[in-house]
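Data first, discussion second: the structure below is written as structure tokens.
Every chain is numbered from 1, with letters handed out A, B, ... down the list of sequences.
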Protein chains: 2
Amino acid sequence: MNFIPDQIDMCIMDILQEDARTTNKEIAARLGKSVTSIFERVKRLEAEGYILRYIAVLNKNKLGKNLVAWTSVTLKEHGQDRLPAFEQKINTFPEVMECYKMNGQFDYLLKILVADMEAYELFNLTKLSKLDNIYKIRSLFVLAETKQEVELNLKTGLPVKLQQKNK
Amino acid sequence: MNFIPDQIDMCIMDILQEDARTTNKEIAARLGKSVTSIFERVKRLEAEGYILRYIAVLNKNKLGKNLVAWTSVTLKEHGQDRLPAFEQKINTFPEVMECYKMNGQFDYLLKILVADMEAYELFNLTKLSKLDNIYKIRSLFVLAETKQEVELNLKTGLPVKLQQKNK
DNA sequence: TGTGAAACCTCAGGAAT
DNA sequence: ATTCCTGAGGTTTCACA
């Protein structure tokens, strides 16, 4: 308990968030540790909730999802139960990949992923704008994704060069 | 060539984007296929660019990244070389996780991930607002992430257009 | 940290459609 | 021609000392 990852744990996480299929043997070789110790550290990082899951990243364009929209939503009423009600509905829409409750000019920011503009229009007409309690919807469309970083910056613990010992 | 994934390939991708550590044996059992056929399909999906990579998803809060900001940027000049210049600079900032070129009211939408408000202020003062050619910067902060979907929805299958290219 | 057995991955060659 | 299976050998995983 009260587990805090050390420098080596940080290196392990950095390797795994770059390529989750790196074997323990490979990690052990790079960090100058035994295979078993790496295995135990990974298991601990998983158990302590530092590593949440392992996923395959798919090519969304090849799978027919070509349009990303960022949509801001402002609600009419903000009573105690109105926000969770909206959030629950949003959770049932597969087109909504991400939903952020925001401060400032609007209440929610949604990332919408669909095949094309036609599909977006359909989503907007039949699902989003049909919800109760909507005051305003604003959509902006992505022309290009110029940066998509999935790896957290673990710069506090990346002395990869120092570990040149062998087994 | 001109490979189009079939129903079984879609199932495999769906399983792997949910848990990249699912073994081929497990996938084979679920789909009623042999281990080797799954192995070959996965290799092909990787080779054809449908599966891009495998990553570990880390817990950003446990790693000290507690503030997400969505920042819109409008440039002063939009000449041929000005946009790539901006994008290149943005790519060197580890705080910027995502950058979208947008239509509409502003030019770029940035997802910024930092430790806290103080770190955001520092990033804004020393990096973002120091860039050339900036006309306007607007920041909104995330109060809560109510939906974070990383898996593509494959249940709908491929769009008909894509399927017809098959053979 | 090391050992070793069980489980798994990988890739021949061959069968079935 | 493609997709699939069987089986052998090398690798990884993971409990135990």
Value in whole Å for how far the [atom2] atom of [N] lies from [atom1] of [X]:
X       : N      : atom1 : atom2 : answer
A:Glu26 : C:dC9  : CD    : P     : 18 Å
B:Ile38 : C:dC8  : CD1   : P     : 15 Å
B:Phe39 : D:dT6  : CZ    : P     : 17 Å
A:Arg41 : C:dT1  : CZ    : C1'   : 13 Å
A:Lys33 : C:dT1  : NZ    : P     : 5 Å
B:Leu31 : D:dT3  : CG    : P     : 16 Å
B:Asn24 : C:dC11 : CG    : P     : 12 Å
A:Glu40 : D:dT13 : CD    : P     : 14 Å

* Do A:Lys43 and A:Glu46 pass the salt bridge (charged side-chain N to carboxylate O under 4.0 Å, His left out) test, and can you show the C-alpha distance, the side-chain angles, and the key distance before you say yes or no? -> CA-CA 5 Å; A:Lys43 283 291 161 253; A:Glu46 291 169 5; 3.3 Å; yes
* Asked: With sugar-phosphate meaning primed atoms plus P, OP1 and OP2, does A:Arg21 contact a base, only sugar-phosphate, or nothing at under 4.0 Å between heavy atoms?
  -> nothing
* Asked: Are side-chain heavy atoms of B:Leu109 and B:Phe106 found at a separation under 4.5 Å?
  -> yes
* Asked: Has A:Arg21 got more than 12 heavy atoms of other residues, nucleotides or ligands less than 6.0 Å from its CZ?
  -> yes
* To do: Would you mind telling me which of C:dC8, C:dT10, D:dC5 lies closest to the side-chain atoms of B:Lys43?
  => C:dT10
* Structure fact -> Residues at least two apart in sequence or cross-chain that pass salt bridge (charged side-chain N to carboxylate O under 4.0 Å, His left out) with A:Glu121, listed by chain then number, are none
* Using only side-chain N and O atoms of B:Ser37, determine if any of them is under 4.0 Å from OP1 or OP2 of D:dT3. => no
* Asked: Under 4.0 Å: is that the gap between some side-chain N or O of A:Lys25 and OP1 or OP2 of D:dT13?
  -> no
* Is there a donor N/O on one and an acceptor N/O on the other, under 3.5 Å, for the side chain of B:Thr36 and the base of D:dT6? -> yes
